[in-house]
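Encoded as structure tokens, the structure appears first; notes follow it.
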Amino acid sequence: MKITKANGKAEYEIIENLKKRSAKEDENVTNIVKSIIDGVKTGGDEALREYTARFDGSVPKKICIEKDEIAAYLDLVDNDFRTALINAKNNIYDFHMREVQQSWFTSKPDGSVMGQRIRGLSKVGIYVPGGTAAYPSSVLMSAVPAKIAGVGEIVMVTPPGKDGGPNPNIMAAAAISGVERVFLCGGAQAVAALAYGTDKLPKVDKIVGPGNIFVATAKRLLFGTVDIDMIAGPSEILIVADKSANPAFLAADLMSQAEHDVMASAVLITTSESLAKATVKEIEKQIKYLERSEIIEKALNDYGEIIVCDSVQKALDFANELAPEHLEMCVEDPLRYIGFVDNAGSVFLGNYAPEPVGDYYAGPNHILPTSGTARFFSPLGVDSFVKKSSFIYYTKDAFSAAADDVVTLAETEGLTAHANSIKVRRQ
């Protein structure tokens with residue numbers, strides 16, 4: 001990894017380079033996805049079947065797996081894995097229960113009443129990758145907050161394996177987290193099927209979950225037809241460290257994100273040049289033993305940086321500008337800095353709260369804003385699965401007291417029919 005000394009310019013050029021990475025859009029991919037979406041919209045299940053055969057190499061004998069069948073997969077997975085899933089699910093549940101909002105109303109002395117009604121969406125679709133990039137943890141992160149929010153039905157789509165069946169680990173996570181039905185289809189075609197509905201797949205209100213560039217592009221193109229969680233880019237981590245940090249930990253954590261994808265970014269900004277050099281040596285030492293070393297090496301070469309700066313505060317200024325998906329604070333007394341972090345998807349404080357603990361187990365959601373969008377987007381949560389409606393009730397006296405002001409506002413805007421709606425009630 002390259003080591004750069006911060007000078008107020010060089011470090012921000014790095015941010016611009018990372019933004020360009022995230023802004024890259026393959027026009028060819030967009031055209032392919034548009035064609036797939038149109039195919040599913042007009043061809044329904046038959047088009048979905050054809051795309052599944054073409055892209056996944058197999059068509060399952062049975063596309064839909066019902067709730068009772070989903071539960072049976074719990075007996076097909078390793079006991080330790082099942083226990084870990086259950087423990088993680090309980091932590092995720094406890095964390096997200098604190099996000100729940102209540103409907104409310106208030107009344108005024110004039111008899112008027114107003115408030116807000118909050119309820120879960122009717123149907124939500126969860127996309128879960130299959131094959132080598134199968135993430136059971138993402139099932140928990142999507143379904144558990146949806147369940148807490150009161151979603152009417154949670155369905156999942158996931159590509160079939162070469163044998164035409166689902167990934168057992170993903171199915172076990174679906175069983176534990178309360179998914180009602182699983183459909184064996186993936187890619188842009190599955191996203192389109194959920195957005196428009198087919199004879200076999202229900203039309204949903206929202207689609208959440210990670211996927212490759214084809215899935216992300218389909219979600220972007222279908223936003224408006226259906227709601228989505230976010231348009232996620234490549235994974236990213238920023239670590240802020242001072243001289244107290246352990247270079248072996250830093251190296252391991254940088255590579256834990258770099259292994260996701262050759263486009264993943266891993267950046268360390270530190271107040272210690274000796275720590276920066278020691279971290280490079282640790283990367284060279286540890287990478288030899290990692291299965292995805294080729295992916296890690298390319299990601300670190302292309303989008304990895306180590307920056308040396310003067311102070312933790314300057315490092316935090318950099319962090320707020322980058323707005324990373326994951327931010328680790330490997331510094332002395334990390335809790336004192338949490339109030340200075342304005343832009344980050346999820347923050348990991350101290351030497352023993354590495355990103356994998358949060359991504360898998362602690363409770364906060366790991367479906368996070370990327371590509372600098374943590375400046376205005378939030379992690380997936382209970383609020384992602386609810387809709388809100390306001391309501392008002394006015395007595396005749398309350399209406400009369402407000403009427404002149406409403407007429408004035410309407411007529412000032414030139415909306416005389418609005419004003420008339422008030423006037424006719426005063427005649």
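Counting begins at 1 with the first residue of the sequence. Just so it is clear, the structure is predicted and the values come from calculations on it, not from any experiment.
Residue pairs meeting the ring-ring contact (aromatic ring centres under 6.0 Å, His included) criterion with at least one partner in residues 140-159, sequence neighbours excluded, are absent. The side-chain hydrogen bond (donor to acceptor under 3.5 Å, both in side chains) pairs that include a residue from residues 247-256 number zero, where partners must be two or more places apart or lie in different chains. Sorted by first then second residue, the ring-ring contact (aromatic ring centres under 6.0 Å, His included) pairs that include residues 210-262, not counting sequence neighbours, are Phe249-Tyr352. For residues 88-100, every residue pair satisfying the side-chain hydrogen bond (donor to acceptor under 3.5 Å, both in side chains) rule, not counting sequence neighbours, is listed here: His96-Asn365. Residue pairs meeting the side-chain hydrogen bond (donor to acceptor under 3.5 Å, both in side chains) criterion with at least one member in residues 172-181, sequence neighbours excluded: Lys147-Glu180, Glu153-Arg181.
Thr408 places a side-chain N or O within donor-acceptor distance of the main-chain N or O of Asp404, the cut-off being under 3.5 Å. Between the side chain of Thr270 and the main chain of Ser272, a donor-acceptor pair closer than 3.5 Å is present. Between the Thr158 side chain and the Val128 main chain, a donor and an acceptor come within less than 3.5 Å of each other.
A donor-acceptor contact under 3.5 angstrom links the side chains of Ser235 and Glu325, judged on distance only. If you check the side chains of Ser138 and His366, you find a donor sitting under 3.5 Å from an acceptor.
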Practice prompt. Decide side chain to side chain contact (heavy atoms under 4.5 Å, CB included) for Thr4 and Val308; before the verdict, give the C-alpha distance in whole Å, the side-chain angles of both, and the deciding distance to 0.1 Å.
Written response: CA-CA 6 Å; Thr4 300; Val308 179; over 6 Å; no

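Every side-chain hydrogen bond (donor to acceptor under 3.5 Å, both in side chains) that Lys206 has, sequence neighbours left out, goes to Asp227. Take Ala188 and apply the side chain to side chain contact (heavy atoms under 4.5 Å, CB included) test, not counting sequence neighbours, and it matches Val33, Ile36, Ala218. For Lys281, there are no salt bridge (Lys or Arg N to Asp or Glu O under 4.0 Å) partners, not counting sequence neighbours. Judged as a side chain to side chain contact (heavy atoms under 4.5 Å, CB included), and not counting sequence neighbours, Lys203 has no contacts. Residues passing the side chain to side chain contact (heavy atoms under 4.5 Å, CB included) test with Ala398, sequence neighbours excluded: Asp110, Ser112, Tyr394, Thr395.
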Just list the side-chain donor-acceptor pairs under 3.5 Å for residues 328-339, sequence neighbours left out, or say none.
from, atom 1, to, atom 2, distance (Å)
Glu328, OE2, Glu355, N, 3.0

Only pairs under 3.5 Å count here: list side-chain donor-acceptor contacts from residues 114-123, not counting sequence neighbours, and write none if there are none.
from, atom 1, to, atom 2, distance (Å)
Arg119, NH1, Ser389, OG, 3.0
Arg119, NH2, Ser389, OG, 3.2

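By the 4.0 Å N-to-carboxylate-O rule, Lys162 lies too far from Asp56 to be salt-bridged with it. At a threshold of 4.0 Å, the pair Lys298-Asp302 counts as salt-bridged, since one of the basic side-chain nitrogens sits closer than that to a carboxylate oxygen.
Nearest approach of Met255 to Ile283, heavy atoms of both residues: SD-CG2, 4.0 Å.
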